[in-house]
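Okay, structure first, notes after.
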Amino acid sequence: MQWLSVCSLLVLLSVLSRSQAQNQICTIFTEAKEDGFKSLILVGLAQNLPDSTLGDLVPLIAEALAMGVKCCSDTPPEDCERDVADLFQSAVCSSETLVEKNDLKMCCEKTAAERTHCFVDHKAKIPRDLSLKAELPAADQCEDFKKDHKAFVGRFIFKFSKSNPMLPPHVVLAIAKGYGKVLTTCCGEAEAQTCFDTKKATFQHAVAKRVAELKSLCIVHKKYGDRVVKAKKLVQYSQKMPQASFQEMGGMVDKIVATVAPCCSGDMVTCMKERKTLVDEVCADESVLSRAAGLSACCKEDAVHRGSCVEAMKPDPKPDGLSEHYDVHADIAAVCQTFTKTPDLAMGKLVYEISVRHPESSQQVILRFAKEAEQALLQCCDMEDHAECVKTALAGSDVDKKITDETDYYKKMCAAEAAVSDDSFEKSMMVYYTRIMPQASFDQLHMVSETVHDVLHACCKDEPGHFVLPCAEEKLTDAIDATCDDYDPSSINPHIAHCCNQSYSMRRHCILAIQPDTEFTPPELDASSFHMGPELCTKDSKDLLLSGKKLLYGVVRHKTTITEDHLKTISTKYHTMKEKCCAAEDQAACFTEEAPKLVSESAELVKWQSPVFRSLSSPNRGACASGTSVRAALQAASLERGALKTTGHTPPYRF
């Protein structure tokens, strides 16, 4: 498939406004060629018509193609000057079958802007599925891919667009392009399946990362509005382009924020138009380009790749003469003068000055300090002795120390994650999160513990040293955003609901401060709640991990204050039972006899444990004293916020 044509089509569609609607169809068709034109129509149809099959869409795609040819003829029809979105909707509404099947009758009864809004609202309500479902073995996929790679990638675009109706089309097509590259590479290898398994894992990780970023940005915009999105983007791009002035950065960020609402609403035509305009204007500013090396390099890319290049670019070197630290007190008179007249401008300048000096910081650390600084300025700027007042108000708040402390925290997290197996780390996260929200379902907590492990594993591996902080905290915050948005926090417990409603930069810290929920009334521990049978002897590692996490979930829910020593005892008993029964001649009979004993003994153990429970809130979350076990190191540095410190050499959970 002509991927350049596909993306060029999107670019053209986005840049042509209604006032420029002079035979848009021919212009787009000429630039995109046949394959590109069909691809855009396919994405649009699949995202808007979730209950239709690919076969249902083929006639509409053929009609669109015929329209493109007519519009490029010597005598183009008048319809060629109509708005593209209007033509697209008219084509859909002309099919009674598609309208009825996809419940679009109400939208098709409307016209012009009302119909467009109705289509956007309809799409926003379509359930989304961000997973990549299991496909055929590599050999079968390669056979189909080699037989007709256009048809193969077309089917992928259809399925992925249908499952992800709110993803911008340029993202869907970039993902399809990436999947095509995986097949192109692996289908030429002797060990195609091995190649496919390896490269597909990397590809899926990249897809999940990009989708999570986009989803989180939309959630933040919906909950907190333009102001927080602007603050996030100001930090992000000031870190990337420290050579740009505050005025230049402010103008750029305003344009970025303007794209968020249409892109998140599902109005993809407006979304892509705004994005294209943004990149064109930024890349036309020779003054900025002459100082921002990363941006200059990205602007030399073709129109297809410029935007994604800017998103991914690394921080430029800091300008000569820039002080190492920003001292808000040094020019407090001017700061207060600006803050009194235009508080957002003053806060933007403060965020900018810190960000250009600290590319190694996360957005959240800088915004947490900015929140404290804003409170100090609100309190002090009207006072006669505002300088001394601000110093007093910010006496315990040092942004450089905050960055150093958080960086050290994540470095210890990385050391702890590296010191134990992946399974042990994930199980520890399962224990911690079950303690603080036992009301959550197993599936919810399984996802949370898995996400925390995946984030730490990826960031510690890919962003070692100073840059682990922006990597890890940004991704963990994205995960919190998604969790608070996907589930009703009040259905879990009041503590989680409170944290989900905290300010953007404080949500993670709020969750980490939650103590074990001692008011939860647990269900009785019952052997029927756990599936422990001969399948434990044959399951692969993922299934065994899942089984172990389910037992941990059940036990910890039963007693959220269960001690590490008791968990260790239960895990040892579990492992002993598993070894005994897997070696037995009649495995089923053995498990039938031994599993209820294990559950009964576990219930009795937690029933009689001491009511005195050591606090899960360690005064020094970064402590990793010599002589502590691997588990203690994990707990002292991990997101458990200083969970129980144990002594000796405690082995990992053996579930």
Verdict with reasoning, C459 to C471, per disulfide (SG to SG under 2.5 Å): CA-CA 6 Å; C459 290; C471 176; 2.0 Å; yes
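- No side-chain donor-acceptor contact under 3.5 Å links Q364 to the backbone of S362.
- For K573, the salt bridge (charged side-chain N to carboxylate O under 4.0 Å, His left out) test picks out E601, with sequence neighbours left out.
- Scanning all heavy atoms of the two residues, the minimum distance from A231 to V351 falls at O-CG1, 4.4 Å.
- A salt bridge links R368 to E473: at least one charged side-chain nitrogen sits closer than 4.0 Å to a carboxylate oxygen.
- Proximity of a side-chain donor or acceptor of R508 to a complementary backbone N or O of E474 within less than 3.5 Å is not detected.
- A salt bridge links E594 with K597: the closest approach of a Lys/Arg side-chain nitrogen to an acidic carboxylate oxygen falls below 4.0 angstrom.
- Looking at heavy atoms from C-beta onward, E564 lies in side-chain contact with L567 at the 4.5 angstrom threshold.
- Separating the CG atom in L445 from the OH atom in Y433 is a distance of 10.0 Å, to the nearest 0.5 Å.
- Taking 4.5 Å as the limit, some side-chain heavy atom of Q239 sits within range of a side-chain heavy atom of S355.
- Under a 4.0 Å N-O distance rule, the pair D481/R507 qualifies as a salt bridge.
- Taking the charged nitrogens against the carboxylate oxygens, R357 and E353 do have a contact shorter than 4.0 Å, which makes a salt bridge.
- At a threshold of 4.0 Å, the pair K401-D405 counts as salt-bridged, since one of the basic side-chain nitrogens sits closer than that to a carboxylate oxygen.
- The residue from I511, I514, I492, T560 that alone fulfils the side chain to side chain contact (heavy atoms under 4.5 Å, CB included) condition with M437 is I492.
- With sequence neighbours excluded, no residue forms a salt bridge (charged side-chain N to carboxylate O under 4.0 Å, His left out) with K475.
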